[in-house]
There are 2 protein chains.
Amino acid sequence: MDRLLIRNCAVLIVPETGECRVDENQDIHIADGAILAIVPTGTNPQLPNPQQPTLHGPDSQQPTPHKPTEHEHASQQATPHDPAPPQPALGDRASSDFEVIDGTGLLAVPGLTNSHTHSPMVMMRGAAEDVSIDDWFNQKIWPMELNLTPERVRVGARLACAEMLLAGVTTFVDHYFHADQIAEAALETGIRADLAPTFFSSTGPDGREAAFDAARQIRALGNQSANGRPPRITASLGPHAPYTVTDEDLARTAEVARAEGFRIHLHAAETLDQTRSSKNRLGATPIEVLDRTGVLEAGALIAHGCGILDEDLPRLERHADRTAVATCPKVYLKLAMDSTTPIRQLQSASIPVGIGTDGAAVHNTLDVWESLRLVALTQKQREQQAEWMPLSDTLRLATRGGATAANLPILTGALEPGRRADITLLDLSAPHNQPLHNPLAALVYSTRPSDVVHVLVDGHQVVRNRTLTTSNLPNLLAEARDLAHTLTTLTQEGAIQHYAP
Amino acid sequence: MDRLLIRNCAVLIVPETGECRVDENQDIHIADGAILAIVPTGTNPQLPNPQQPTLHGPDSQQPTPHKPTEHEHASQQATPHDPAPPQPALGDRASSDFEVIDGTGLLAVPGLTNSHTHSPMVMMRGAAEDVSIDDWFNQKIWPMELNLTPERVRVGARLACAEMLLAGVTTFVDHYFHADQIAEAALETGIRADLAPTFFSSTGPDGREAAFDAARQIRALGNQSANGRPPRITASLGPHAPYTVTDEDLARTAEVARAEGFRIHLHAAETLDQTRSSKNRLGATPIEVLDRTGVLEAGALIAHGCGILDEDLPRLERHADRTAVATCPKVYLKLAMDSTTPIRQLQSASIPVGIGTDGAAVHNTLDVWESLRLVALTQKQREQQAEWMPLSDTLRLATRGGATAANLPILTGALEPGRRADITLLDLSAPHNQPLHNPLAALVYSTRPSDVVHVLVDGHQVVRNRTLTTSNLPNLLAEARDLAHTLTTLTQEGAIQHYAP
């Protein structure tokens, strides 16, 4: 087994319902990228598979990873309460037998999920400010996107992955063009990602089918690179939105999704205004369109949903086992949109909600700490109730909700035996978090990306002491700077699409 | 002269109106705590007083500070356009003659002002979460404040000063009890502060007069420690609010303020609900109360003002030369308040607005970057117009607006010859700010306190390479941790006041 131990950290426990808590002085045992056990520091985890830690030997520095089968994986999903007999104490030997991360003074939290983004748009960060939503699309972003090339997308995605990993974001759910390039960037940098190749109906059936093929290829790449583990790169189908994709194309998307087991990630009901316009134009709300075209039945991640009406809730609820909504509130404020995601109503209909940043061309960061804070703040405002969207619920949206939005509900999103070891270790000792009366309050209202010290994805340490281990950050920044102007230039006539929802 | 040079930085220029800009490759020359000149890197500033930099000599490592008189100060407030003849080039000799900070790759911005806070409340950070405004006051904060002692206030204020300085906040405008202790903490840590000793009418005339005496003592302390420079510590009078202070006490406050040249810092019209209640109870809006009691005429910094009505604007406008409003939007969201500060309307009435955090018992941080971002976002939302509250206006509120809120309108808030050298140097090269298409967008929407590298207050470097130079941070954190529980305990019966506006 490929073993790792995070020794003597505090651990954020996010239950499925109820209050979150922090358990102090815990050891997190990790094997083959999964959490094996979380036990009080120094105690012996009851291992379901009694493999011994590798003893000292010529190969102990660089052990060959064991490739478990699917069956072996399942068998490792045990809990500390497993009835297997106690194993010999790992004790001090651990530090020489396998890698140990000293967690003393650190808080382990589930790696955050960015539940909706367009990662390569970091290349346009700050290039479309103080404009209306119409101008943002029609005067800035969609004309700029005429400049997209595979290389520019890849360079942007690399920068985005670096920004997210350094901030403790271990999974992102992406929706963009040239998604194969984003997959490569995610593989290189070590982050987990679900990628939906975007298409508009304006590109015709060929464009649509090419996007489906891109999803198939990304899925294949993810499976090939998985080495018997659950793949770190997965794919969804990515129609842009009901206002840019015809009902016929949405129905075709649903058909492919059902036939091949894809989930569909798209924008819908982004504003109340869009919902009104949809009713006028099509006689149906955007959610109704998703329902009648089979998208909801196939399974959908709906970005934004600020225009979801009460009448839409029963439709969503019927597919609650395969539907999620991603909310990105900084964007709704910045574009002066007419509402925010109705999270309380969605939750009452059992619809999972994740938290995202949207693209950095509007959100300016890929900082999910900022997003989750704004979710709590703007939901209190929306409901005019300061008691609503309490700390534990906010953290649950950013962790378990994110895992569901990423279509990984049982693999990530919580620190529990059996889940993948996607773990962010925070140092909350800086002045802005002190004194620490309530770590949950710190996580929601004062934690910053600079508090992130170490990050693991799939048990691999991708950030060590605030430094990326997988990429040369200066090179990656230099590449992005060199190409940035090529993406924001408006010298080409036209746009990839026109915004008129 | 006590000289300092920041060499080869970019400089944020915030004009009184219009677009901000960034000038690249500038040298900032500083003498006796003031900005002497800002000139292209390596060019020779035209110095109004032709003192030469100290030559090498036995004392050059620790020059005795020259103590200029008030007259000399005035004479140093010259601009690069001063008609004085050119001086010999400082050239390479500078680095050996006086301290040089290498600004290469850094952006100098005016030190931010926290325009309204209760700094020692960092001791209650995270101790009152997910509660209504009524419960926040009556069940949490005002019972906890029975525990206040001078020592606890001082320890809290030290931590607050550290947090602010490390985030590039160079001035704070405070309103709290035991304000003499806060003055000492500000003096020690090197930050600039205006301090208003808080009182309620419930403490009787003795309490009121004691608060005035505290303001007089703080003013005296500030003057004594000024060494001929403009004092770094100033005082205001601090009645709590029109709903906790009688008209008679407000009138007495105005009388003392006028007689002794104090400004008045108080809470007023915090919500629309308070304004309605004031009209019902007193037949007047809170602003009308401030007008009829002479507070506006004496000069006031009004915290929040979310309940300011259009009918209040002419009253405020008549005193616009001595009135400012401080806005703290994170608090309005978090407490689910019914509105935010009507900045557009205040600006149309020429009322200056600054940006604050309020106390960390509700805001959880003293991060003015976070506050200024939320000002831009929530003002766009309020006005339902994404073009409103553009980048330059937001930065102007956080700098020039803050200086006015601090009652220092010509001393701080801009990087211009003659102003005090309160300067924050930022490194915008991290992934979350890159590529840097627009530094103004970065400052408003992606900059974090961790981007702050060096901070100067009054020409003294208080943060060097992200480290406080004036305090031992670990000691200061340990003191705060040791005392934190003594402030949040609810074992004493009662409260310092009851919230029923």
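These values consider heavy atoms only, across backbone and side chains, with no hydrogens, waters or symmetry-generated copies. This one's a predicted model, so the numbers in the text were calculated from it and none came from an experiment. Letters go in sequence order (proteins before strands), and every chain restarts at 1.
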*With respect to chain B, which residue among A/Leu335, A/Leu476, A/Leu159 yields the maximal number of heavy-atom pairs within a distance under 4.5 Å?*
A/Leu159
*Contact winner vs chain B - A/Leu483, A/Leu391, A/Leu440, heavy-atom pairs under 4.5 Å*: A/Leu391
Between chain B and chain A, which donor-acceptor pairs sit under 3.5 Å apart?
residue: A/Met123; atom: O; partner: B/His437; partner atom: NE2; Å: 2.6
residue: A/Arg125; atom: NE; partner: B/Gln434; partner atom: O; Å: 2.8
residue: A/Arg125; atom: NH1; partner: B/His432; partner atom: O; Å: 3.0
residue: A/Arg125; atom: NH2; partner: B/Pro431; partner atom: O; Å: 2.9
residue: A/Arg125; atom: NH2; partner: B/Gln434; partner atom: O; Å: 2.9
residue: A/Asp130; atom: OD1; partner: B/Lys380; partner atom: NZ; Å: 2.7
residue: A/Asp130; atom: OD2; partner: B/Leu391; partner atom: N; Å: 2.9
residue: A/Lys330; atom: NZ; partner: B/Tyr445; partner atom: O; Å: 2.9
residue: A/Met337; atom: O; partner: B/Gln384; partner atom: NE2; Å: 3.4
residue: A/Glu370; atom: OE2; partner: B/Arg373; partner atom: NH1; Å: 2.9
residue: A/Arg373; atom: NH1; partner: B/Glu370; partner atom: OE2; Å: 2.9
residue: A/Lys380; atom: NZ; partner: B/Asp130; partner atom: OD1; Å: 2.7
residue: A/Gln381; atom: OE1; partner: B/Gln381; partner atom: NE2; Å: 3.1
residue: A/Gln381; atom: NE2; partner: B/Gln381; partner atom: OE1; Å: 3.1
residue: A/Gln384; atom: NE2; partner: B/Met337; partner atom: O; Å: 3.4
residue: A/Leu391; atom: N; partner: B/Asp130; partner atom: OD2; Å: 2.9
residue: A/Pro431; atom: O; partner: B/Arg125; partner atom: NH2; Å: 2.9
residue: A/His432; atom: O; partner: B/Arg125; partner atom: NH1; Å: 3.0
residue: A/Gln434; atom: O; partner: B/Arg125; partner atom: NE; Å: 2.8
residue: A/Gln434; atom: O; partner: B/Arg125; partner atom: NH2; Å: 2.9
residue: A/Gln434; atom: OE1; partner: B/Arg481; partner atom: NH1; Å: 3.4
residue: A/His437; atom: NE2; partner: B/Met123; partner atom: O; Å: 2.6
residue: A/Tyr445; atom: O; partner: B/Lys330; partner atom: NZ; Å: 2.9
residue: A/Arg481; atom: NH1; partner: B/Gln434; partner atom: OE1; Å: 3.4

_Part of A/Met164 within contact of chain B (heavy atom distance under 4.5 Å)_ = neither
_For A/Leu473, which atoms come within 4.5 Å of any heavy atom of chain B: side chain, backbone, both, or neither?_
side chain
Residue among [options] with most heavy-atom pairs under 4.5 Å to chain A:
| options | value |
| --- | --- |
| B/Pro439, B/Ala386, B/Ala167, B/Ala441 | B/Ala386 |
| B/Pro431, B/Ala360, B/Ala430, B/Ala127 | B/Pro431 |
| B/Val122, B/Leu333, B/Leu366 | B/Leu333 |

